[in-house]
Amino acid sequence: GSFPSLTTLMALPGMRDTQTVVKWKFLEHKGPVFAPPYEPLPSNVKFYYDGKVMRLSPEAEEVATFFAKMLDHEYTTKDIFRKNFFKDWRKEMTAEEKAKITDLKKCNFSEMNEFFKAQSEARKAMTKEEKQKIKEDNERILQEYGFCIMDNHRERIANFRIEPPGLFRGRGDHPKMGMLKRRIRPEDIIINCSKDSKHPEPPPGTRWKEVRHDNKVTWLVSWTENIQGSIKYIMLNPSSRIKGEKDWQKYETARRLKKCVDRIRNQYREDWKSKEMRIRQRAVALYFIDKLALRAGNEKEEGETADTVGCCSLRVEHIKLYPENDGQEYVVEFDFLGKDSIRYYNKVPVEKRVFKNLQLFMENKEPDDDLFDRLNTSILNKHLQELMDGLTAKVFRTYNASITLQQQLKELTNAEENIPAKILSYNRANRAVAILCNHQRAPPKTFEKSMQNLQTKIDAKREQLSDAKRELKSAKADAKVRKDEKSKKSKKAVQRIEEQLMKLEVQATDREENKQIALGTSKLNYLDPRISVAWCKKWGIPVEKIYNKTQREKFAWAIDMADEDFEF
DNA sequence: GCGTGTACTTAGAATACAATTC
DNA sequence: GAATTGTATTCTAAGTACACGC
């Protein structure tokens, strides 16, 4: 195919991308789809305060329903969530409501909660025709609002629906959890499109906040969210040219790092000896980023978000030093909350020089002092930029993830094995990367049960196999001299069942090993898809076994591009 | 350098949908 | 054909990175 080429629009490696490069020449779209307006509850669904029925104003009622819908969620038991919710809810109340409703504990939302549960049951119980109608409506909205024209191509938009109002669900110990996320109106919306396009119309009787024509950015719509005051964007789907080229560029940068990573490693090892503290800190931090695939660790505003860290923002309290541990020398124990408040726990032996440096960095410091007090991401990235054009801290994550997949695939793939076994090897290679990048998930609620079900199936299959073998034996005995049809057939059956059993066993292993590991994130964001495509071609595995439809669309450029001897 | 604002990528959970089982 | 289970998709929060003004 023709996808993609380095167009004149594309940034060259290392070229500053923001505010520098023209991203498109023509952009036309229909604007966002707004959240449906609030529908007041039927009058038989009651809210009780202090045991007595109370009728709420529509504004207060809407916010109450947000809480009522979440009653079964752990969030609603958390003090901070309740406190933030109640404070914001009161802002929406009338003076009378405010005077009366002074204690969240006295609020009874259970009828509301029941109502929404019943509603979702009713939705499930709809007839085929009703479901079909909804599907068609959605399809029409998708066709109208879900696509834009960018430079002669009709491209899929990722999130063309505006986020509906609700209660903010921060991850981890978020100080703002439970706050009211307000409804977004046309007056909040900035539209970005080209001057010579047909501009999207705001809903009747409303206006946009602004219509601008900035072709140095890729977004179509933006608004400012009220919880953190940050900007939200509507952008294109990962299958679009603009995202695909950027993705490709990302992996090309990582491949350039491959060429000079030895030099960089030698450099930072030298820097461990520097007489300048800032250089030693920089060198030890970079070592962690490289060896452990830690994130850069930007500073964050205290009290605005959950307390999480990355490499540069590590504090003394996040590591422990063991001169000797379980027979290993110079062990560092990491224990901190990273992005999304996912815990990072790891015990790693390090070089003596690193260990000594860490001792030095921690000297005379309090637990909540910065480990690298002379370093931040901006200093680190400036240094990296000097080592390689376009190099930043996150490139190491991409590089180490991709190179690990390639190595692991080489190591684990066994030419003799069948396709399911090879796919298990692929998943194991993928898993090695997910572990490196600390991509965890909560074990699925039904995990134990689903393992049990699988085991039951395996047992049944084993039973079936021994039956089939017995059958084969007796068929052979019957056959006397020449092999007859019956024994041939029995043999086939045994083979078929053996294969099925093997497939089930492989599936069980895979699932067990995956209990707390999330493979999707690395597959989607860190692994050069050309490695996987090449592997599929080399071993005759259909690419559909590795990538589902959406993933194949996102990685169309790689599926097009890579042949079986692609090397990352 | 330092604080602030913007644009974009990366992340796990929630939900919708499809496949399978009973 | 209803219920259950597994997978794909959607959602939106939470990161990284860098420009800009001082």
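Proteins come first, then strands; the chains are lettered A, B, ... in the order of their sequence lines, and each starts at number 1. Hydrogens, waters and symmetry mates are skipped; everything else that's a heavy atom, side chains included, is used.
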Residues in residues 519-533 of chain A with a heavy atom under 4.0 Å of DNA chain B, by number, are A:T521, A:N525, A:Y526
Hits for salt bridge (Lys or Arg N to Asp or Glu O under 4.0 Å) against A:R278, two or more places apart or cross-chain, chain-then-number order -> A:E276
The side chain to side chain contact (heavy atoms under 4.5 Å, CB included) partners of A:C536 (sequence neighbours excluded) come to A:I541, A:V543, A:I546
Using atom names, set out every protein N or O paired with an N or O of nucleotides 15-22 of chain B below 3.5 Å, distance rounded to 0.1 Å.
from: B:dT21; atom 1: OP1; to: A:K457; atom 2: NZ; distance (Å): 3.4

In numerical order, the residues of residues 295-302 of chain A whose heavy atoms come under 4.0 Å of DNA chain C are A:R295, A:A296, A:G297, A:N298, A:K300
For A:K258, the salt bridge (Lys or Arg N to Asp or Glu O under 4.0 Å) test, sequence neighbours excluded, returns A:E567
Residue pairs passing the salt bridge (charged side-chain N to carboxylate O under 4.0 Å, His left out) test with at least one member in residues 176-192 of chain A, sequence neighbours excluded, are A:E62-A:R183, A:E163-A:K181, A:K176-A:E304, A:R182-A:D188, A:R185-A:D188
Could you list the protein-to-nucleotides 1-3 of chain C atom pairs, N/O on both sides, closer than 3.5 Å?
none

Residues 545-556 of chain A vs side-chain hydrogen bond (donor to acceptor under 3.5 Å, both in side chains), sequence neighbours excluded, gives A:S532-A:Y547
The side chain to side chain contact (heavy atoms under 4.5 Å, CB included) partners of A:K133 (sequence neighbours excluded) come to A:D137
Sub-3.5 Å pairs of nitrogen or oxygen atoms, protein against nucleotides 7-12 of chain C:
from: C:dT9; atom 1: OP1; to: A:T550; atom 2: OG1; distance (Å): 3.0
from: C:dT9; atom 1: OP2; to: A:T550; atom 2: OG1; distance (Å): 2.0

C:dA14, OP1 or OP2 - any side-chain N/O from A:H174 closer than 4.0 Å? yes
Quick note, A:Y233 side chain, CB onward, closest among B:dA7, B:dA14, B:dT9 is B:dA7
Residues passing the salt bridge (Lys or Arg N to Asp or Glu O under 4.0 Å) test with A:R441, sequence neighbours excluded, are none
